[in-house]
There are 2 protein chains.
Amino acid sequence: MIDYSVLIEKFKSIIKENGLKFTKQRELILKFLYEHEGHFTPEELNGELRKIYPDENIGIATIYRTLTLLEESGIVTSISFGTQGKKYEFGLKKHHDHLVCIQCGGITEFYDETIEKRQQEIADNFNFQMTDHIMKIIGICETCQKNKREKV
Amino acid sequence: MIDYSVLIEKFKSIIKENGLKFTKQRELILKFLYEHEGHFTPEELNGELRKIYPDENIGIATIYRTLTLLEESGIVTSISFGTQGKKYEFGLKKHHDHLVCIQCGGITEFYDETIEKRQQEIADNFNFQMTDHIMKIIGICETCQKNKREKV
DNA sequence: CTGACTGCAAAATCTTTGCAAAGAC
DNA sequence: GTCTTTGCAAAGATTTTGCAGTCAG
């Protein structure tokens with residue numbers, strides 16, 4: 001995993017290249033995502049940051065703006081949930097895909113070499129310049145299957 | 001491809017099973033999706049239906065409600081576009097995945113046996129009961145790549 | 001007839017934008 | 001100092017809901 005100091009330097013250089021500024025808000029949002037595994041909605045992120053930094057009072061608009069910036073910079077990635085918005089996660093880790101539970105909303109990550117290779121081959125066949133790919137396996141996770149059985 | 005009369009019967013039996021009613025609006029929406037290949041937002045669907053049936057005046061709420069019903073019935077499927085909502089397509093055709101162009105928003109469909117098989121294996125490994133899966137390859141389609149080169 | 005369905009408009013979500021004040025460089 | 005960023009609140013965009021009248025069975 002990338003070191004935090006390296007990450008910050010990387011972020012600062014992206015910031016500088018684009019004539020932007022390195023602000024406390026941007027740093028705190030990045031830091032949170034770096035330090036917390038998982039997938040967060042902007043609203044959740046807002047809540048967590050308010051808990052950790054009660055004095056900062058980071059506006060929701062800033063969260064949105066920063067997430068967009070971080071995503072464009074390739075530092076975070078997002079996964080969308082139909083109408084219910086997006087969840088963001090720190091993106092500078094090994095590429096992976098997701099198992100999404102429709103019962104509890106839980107997300108499990110996995111990585112599979114076979115699928116990765118095949119995706120590139122498919123894109124090539126269509127002369128499609130792949131910049132990203134998303135794979136979600138949707139269903140019911142082991143825990144929720146058990147809970148269901150116990151209820152019956 | 002499923003025959004239209006068979007499709008309607010199928011829909012009617014789902015309707016009946018659930019104590020619902022078979023209405024003109026529901027039929028017209030289903031008919032449109034059956035007859036038109038492609039992926040439509042609720043808003044687009046609304047516009048198209050208004051063009052074809054200027055006298056019907058189907059409300060946008062009905063479109064949403066019907067699409068939800070059709071999706072729950074397994075007759076249509078949806079693909080979500082981050083913040084920008086969902087697109088729906090007729091779903092009773094061979095399963096396939098999508099290539100989505102970030103430039104023009106165009107969608108190309110493909111089907112790959114290797115990927116299908118591997119997805120099931122992965123779900124099994126996690127004791128995950130897969131009900132669906134989504135795969136999107138995101139990038140720039142052949143046409144948009146060409147247009148870009150021409151502009152330069 | 002009865003209960004489901006519809007269109008309308010209002011409400012609810014989620015996200016973006018305009019602006020004056022504050023902050024980074 | 002200059003130009004970007006921020007928080008706030010208002011505006012937008014998309015989707016859902018409440019309701020009275022309408023329609024299917």
Side-chain angles (χ1 to χ4, degrees), chain A residues 8-9 11-32 39-50 53-73 76 78-88 105, chain B residues 8-9 11-32 39-50 53-73 76 78-88 105:
Chain A
I8 289 294
E9 285 317 309
F11 185 44
K12 281 187 179 169
S13 69
I14 292 171
I15 291 265
K16 189 171 281 182
E17 273 169 33
N18 292 284
L20 307 176
K21 315 223 153 156
F22 182 75
T23 64
K24 192 166 208 171
Q25 291 86 341
R26 286 174 178 168
E27 178 173 12
L28 294 181
I29 292 168
L30 175 53
K31 186 159 186 273
F32 180 89
H39 304 74
F40 305 90
T41 62
E43 206 53 71
E44 282 166 358
L45 221 42
N46 192 37
E48 295 302 317
L49 289 170
R50 270 166 202 284
Y53 312 106
D55 300 337
E56 289 299 335
N57 196 22
I58 301 177
I60 187 75
T62 300
I63 308 252
Y64 276 99
R65 287 183 285 224
T66 301
L67 286 172
T68 301
L69 171 63
L70 288 171
E71 188 169 19
E72 283 170 356
S73 308
V76 310
S78 68
I79 175 171
S80 70
F81 284 79
T83 291
Q84 286 68 242
K86 286 180 174 183
K87 288 190 179 182
Y88 292 82
Chain B
I8 288 294
E9 284 318 308
F11 185 44
K12 280 188 180 168
S13 68
I14 292 171
I15 291 266
K16 189 171 280 181
E17 273 168 35
N18 292 284
L20 306 176
K21 315 222 152 152
F22 182 74
T23 64
K24 193 167 205 171
Q25 290 84 342
R26 285 174 178 169
E27 178 174 11
L28 293 182
I29 292 168
L30 175 54
K31 186 158 187 273
F32 181 89
H39 305 74
F40 304 90
T41 63
E43 204 54 69
E44 283 165 357
L45 221 41
N46 191 37
E48 294 301 318
L49 289 170
R50 271 166 200 284
Y53 311 106
D55 299 337
E56 290 299 334
N57 197 20
I58 301 176
I60 186 76
T62 300
I63 307 252
Y64 276 100
R65 288 183 283 224
T66 302
L67 287 172
T68 301
L69 170 63
L70 289 171
E71 188 168 19
E72 283 169 356
S73 308
V76 310
S78 68
I79 176 171
S80 70
F81 284 80
T83 289
Q84 286 69 242
K86 286 179 172 184
K87 287 189 180 180
Y88 293 82

Query raised in the report: For nucleotides 20-25 of chain D, read 5' to 3', which letter fits each nucleotide if B means a protein heavy atom sits under 4.0 Å from the base, S means only the sugar-phosphate is that close, and - means neither?
Result: ----BS
Query raised in the report: First contact, last contact: which nucleotides of DNA chain C are these for chain B, 5' to 3', heavy-atom distance under 4.0 Å?
Result: C:dG3 to C:dT15
Query raised in the report: Who passes side chain to side chain contact (heavy atoms under 4.5 Å, CB included) against B:Phe11, sequence neighbours left out?
Result: B:Ile15, B:Phe22, B:Arg26, B:Leu30, B:Leu69, B:Leu70, B:Ile75
Query - Listed partners of A:Glu72 passing salt bridge (Lys or Arg N to Asp or Glu O under 4.0 Å), at least two apart - result: none
Query raised in the report: Should A:Ile63 and A:Leu67 count as side-chain neighbours, where that means a heavy-atom distance under 4.5 Å?
Result: yes
Requested in this report: Measure the distance from NZ on B:Lys87 to P on D:dT14 and round it to the nearest whole Å.
Outcome: 12 Å
**Report entry** Within residues 54-70 of chain A: residues closer than 4.0 Å to DNA chain D (heavy atoms)
**Finding:** A:Asn57, A:Ile58, A:Gly59, A:Ala61, A:Thr62, A:Arg65
Report task. Output all residues satisfying side chain to side chain contact (heavy atoms under 4.5 Å, CB included) with A:Asn18, sequence neighbours left out; order by chain, then residue number. Result -> A:Ile14, A:Leu20
Report task. Determine to 10° how strongly the helix from C:dC1-D:dG25 to C:dC25-D:dG1 is bent, judged from the axes of its five-pair ends. Result -> 40°
Query raised in the report: Has the side chain of A:Thr62 got a donor or acceptor atom that lies under 3.5 Å from a matching backbone atom of A:Ile58?
Result: no
Report task. Can you sort out the partners of A:Phe32 under ring pair (Phe, Tyr, Trp, His ring centres under 6.0 Å), two or more places apart, ordered by chain and number? Result -> A:His36, A:Phe40
Query raised in the report: In terms of side-chain geometry, is the basic nitrogen of B:Glu27 or B:Lys12 positioned less than 4.0 Å from the acidic oxygen of its partner?
Result: no
Query raised in the report: What residues, two or more places apart in sequence or in another chain, satisfy salt bridge (Lys or Arg N to Asp or Glu O under 4.0 Å) together with B:Glu48?
Result: B:Lys51
Report summary line: Comparing nearest nucleotides in DNA chain D, the 5'-proximal residue of the pair A:Arg50, B:Pro42 is A:Arg50
Requested in this report: For B:Glu43, enumerate each residue passing the salt bridge (Lys or Arg N to Asp or Glu O under 4.0 Å) test, keeping only those at least two apart in sequence or located in another chain.
Outcome: none
Query - With A:Lys31 via side chain to side chain contact (heavy atoms under 4.5 Å, CB included) - residues at least two apart - result: A:Tyr4, A:Glu35, A:Tyr53
Requested in this report: For B:Lys24, check salt bridge (Lys or Arg N to Asp or Glu O under 4.0 Å) against everything at least two apart and list the hits.
Outcome: B:Glu56
